[in-house]
Protein chains: 2
Amino acid sequence: MRSIHDLETPVVLVDLDVLERNITRMAERARACGVRLRPHAKTHKVIEVGRRQIAAGATGLALAKPSEAEVFAEAGFDDLFIAYPVVGADKARRLLALAGRLRRLAVGVDSVEGASTLASAFREARRRLDVMLKIDTGLHRVGVLPERALETARRLADLPGLRLRGIFTHAGHGYGEPTPDGVAQVARHEGRTMAAVAEELRGAGIAIEEVSVGSTPTAREAMAQAGVTECRPGNYVYHDGSQVALGTCAPADCAMTVLATVVSVPASDRAVVDAGSKTLSTDPLRPNANGYGQIVGRRSRLQRMSEEHGVVVVEGGDSFRVGERVRILPNHACVVSNLHDRIVGIRGESVETELKVAARGRVE
Amino acid sequence: MRSIHDLETPVVLVDLDVLERNITRMAERARACGVRLRPHAKTHKVIEVGRRQIAAGATGLALAKPSEAEVFAEAGFDDLFIAYPVVGADKARRLLALAGRLRRLAVGVDSVEGASTLASAFREARRRLDVMLKIDTGLHRVGVLPERALETARRLADLPGLRLRGIFTHAGHGYGEPTPDGVAQVARHEGRTMAAVAEELRGAGIAIEEVSVGSTPTAREAMAQAGVTECRPGNYVYHDGSQVALGTCAPADCAMTVLATVVSVPASDRAVVDAGSKTLSTDPLRPNANGYGQIVGRRSRLQRMSEEHGVVVVEGGDSFRVGERVRILPNHACVVSNLHDRIVGIRGESVETELKVAARGRVE
């Protein structure tokens, strides 16, 4: 059997034991809370990983864009939610084709202007598209504020061609919380706000079947709140340096590392590896920026990145030599997936499989 | 003929008129200075763009990694320089195969430890590999300091299996200079230091045929210094927001933009487009960080990025509506290329061609 020592660098490794444990644990948590689990597949973009999530009990998958959903539809997944405000007549045509091949499809909306092109296309085709209204529970990216939800939901419910299936949110601002307590507070607010909005809408006669929350750091607490029906964490399959820093998981729960080679040690306090921003991205560590990746088993981190060079500031007690291989815990696993055509599945140091990142680059 | 209005978003556009002008101008500058031009193809990773550079008079191409060089070798390019300290026996095997199919190949080295595996492999195969010694002229990434160059060059010249063709540097610290004068000073220092190191090595009896400098901001001044024989700028084919901010070029010299759709306008001071870090990267604007991309023709910039969302802080006087399309000038063109499988070549608003980013993701 091949070992990781036989691989050329840089290469993305995924520890399958850790991956499987992460998938099982999140599925068990969702079951214990009585909510449906709909993992966000943007983290891995890998068909086989999605299949493992479904086998462990997930209802379906969440995706970011129509082109990403098309890859999973092609592979036989039949219940997909595009958790994104999809806009435009060209995208509406793609959604129509997707809806025709899936058992269940839903799409995020956050404005009547955005939803109306989708509505027209589906009405003309004498079809109906399930939509989920995005609620802004504090991230302040897309979504309507809770106090404006009823007004928008009423207008959406009136659009022929659409069916308002429910509401969804993403409490990504949890990534900015400096303590696990702060993250838990964001999570409880996320779940409770969504339950309250759902109740308000139902009180006004609007059927709300799904109340969907998300994000790996807030998943545990948010899905435990009464009234929540679905949870959409993504990152938990791999975890990463930011999840460790946020207190979401232990270092041993991180499935993804990048294997790299030290190519230069030009000074006693500097070592350079063959993994730069085109391998690891320049995404910062959350919640507090500290370099671009931790060298596993050492105190040192990548502190500067160029496209093909990662510059390690050598911490006291660490040393590196040219030709040595190191494993790097990335700050943000989701963006690493999107930089690579394949990942290598390992157990311990044995190479078990190579997996295609089938939806890599599908940003349309 | 298709227009950019027919394209789905997000998509990378390259204005072919601007591209051709950029290629011609840099070739003319190199000719005027009497230096060879060896563009770094990592910026575009596109076979057809490389061919245009050669047609305009470039000697060959610079590449970052062996796998990237393999893509261009496969397409018939026959004079390649891997401007990177390639290390390890597995990479040495790839270089042997590459050397067998090219008219000319050279590889960067910056240590005897790193070079010795390459030397062994080529000596065993009774071949000789051209290497270029990397000099650190101030970036402090890889490379030997000028005062250590002679010592390392002597030891490299003694290694059977290698031939020391010359010396090379990359003054990437020019990207940190707040004024064009500062950039020009870095460039002059880059060229003069390299010429002095070459003279010192020659004085010690070491043949130095090539004195190679690089980087788009420093190219003009660095290649004008006496003793420089080759220049390796990469970014100039497209330019980007950072080049404009550095004063390297005017906005009209930027060939690459990202076409995106406004998907949400949740507040009067916030608009969200369908291009996030998986389309544009999170690379900062150089030399002074200011968001993640400029909306062309507006004052507003992307000020926050998630993977699929770019958040525009709407500046006074600007306004955006859901469904509207905008063009974004990215901070860093080289990393945008690496995120996409294809780019669309346009003239004005007409779509002329679609080009494959053939070496995308080739980081090994």
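Note: hydrogens, waters and symmetry copies are ignored here, and every other heavy atom, side chains too, is used. Numbered from 1 within each chain, the chains take letters A, B, ... in sequence-line order. Since the model is a prediction, treat every value here as computed from it, not as a measurement.
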Engineer: Out of B:Lys278, B:Arg141, B:Arg148, which one racks up the most heavy-atom pairs below 4.5 Å with chain A?
Structural biologist: B:Arg141

Engineer: With a 4.0 Å cut-off on N to O distance, would you call B:Lys42 and B:Glu68 a salt bridge?
Structural biologist: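 Salt bridge flag = no for B:Glu68 with B:Lys42.
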
Engineer: On the 0 to 90° scale, with breaks at 30° and 60°, tag the A:His309-B:Tyr84 ring pair as parallel, tilted or perpendicular.
Structural biologist: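 The rings of A:His309 and B:Tyr84 sit tilted, inter-plane angle from 30° to 60°.
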
Engineer: Could you look at A:Leu7 and say if it's the side chain, the backbone, both or neither that has a heavy atom under 4.5 Å from chain B?
Structural biologist: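 Looking at A:Leu7, just its backbone touches chain B.
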
Engineer: Please state whether the side chain, the backbone, both or neither of A:Val11 comes within less than 4.5 Å of a heavy atom of chain B.
Structural biologist: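 When you check distances to chain B, no heavy atom of A:Val11 falls under 4.5 Å.
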
Engineer: Counting heavy-atom pairs under 4.5 Å to chain B, which of A:Val262, A:Thr117, A:Asp283, A:Thr261 comes out on top?
Structural biologist: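 When all of A:Val262, A:Thr117, A:Asp283, A:Thr261 are compared, A:Asp283 has the most.
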
Engineer: Heavy-atom cut-off 4.5 Å, strictly under: side chain, backbone, both or neither for A:Val142 against chain B?
Structural biologist: both

Engineer: Which atoms of B:Val272 come close to chain A, meaning under 4.5 Å heavy atom to heavy atom: side chain ones, backbone ones, both, or neither?
Structural biologist: side chain

Engineer: Give, as side chain, backbone, both or neither, the part of B:Glu308 having an atom under 4.5 angstrom from any heavy atom of chain A.
Structural biologist: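 Both parts, backbone and side chain.
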
Engineer: When only pairs under 4.5 Å are counted, which of A:Met305, A:His332, A:His340 shares the most heavy-atom pairs with chain B?
Structural biologist: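 The residue among A:Met305, A:His332, A:His340 with the greatest pair count is A:His332.
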
Engineer: Does this structure show an ion pair linking A:Asp136 with B:Arg270, if we count only N-O contacts that are shorter than 4.0 Å?
Structural biologist: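 Result for this pair is yes, salt bridge flagged.
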
Engineer: Looking at A:Arg362 and A:Glu70, does any basic side-chain N land under 4.0 Å from a carboxylate oxygen?
Structural biologist: no

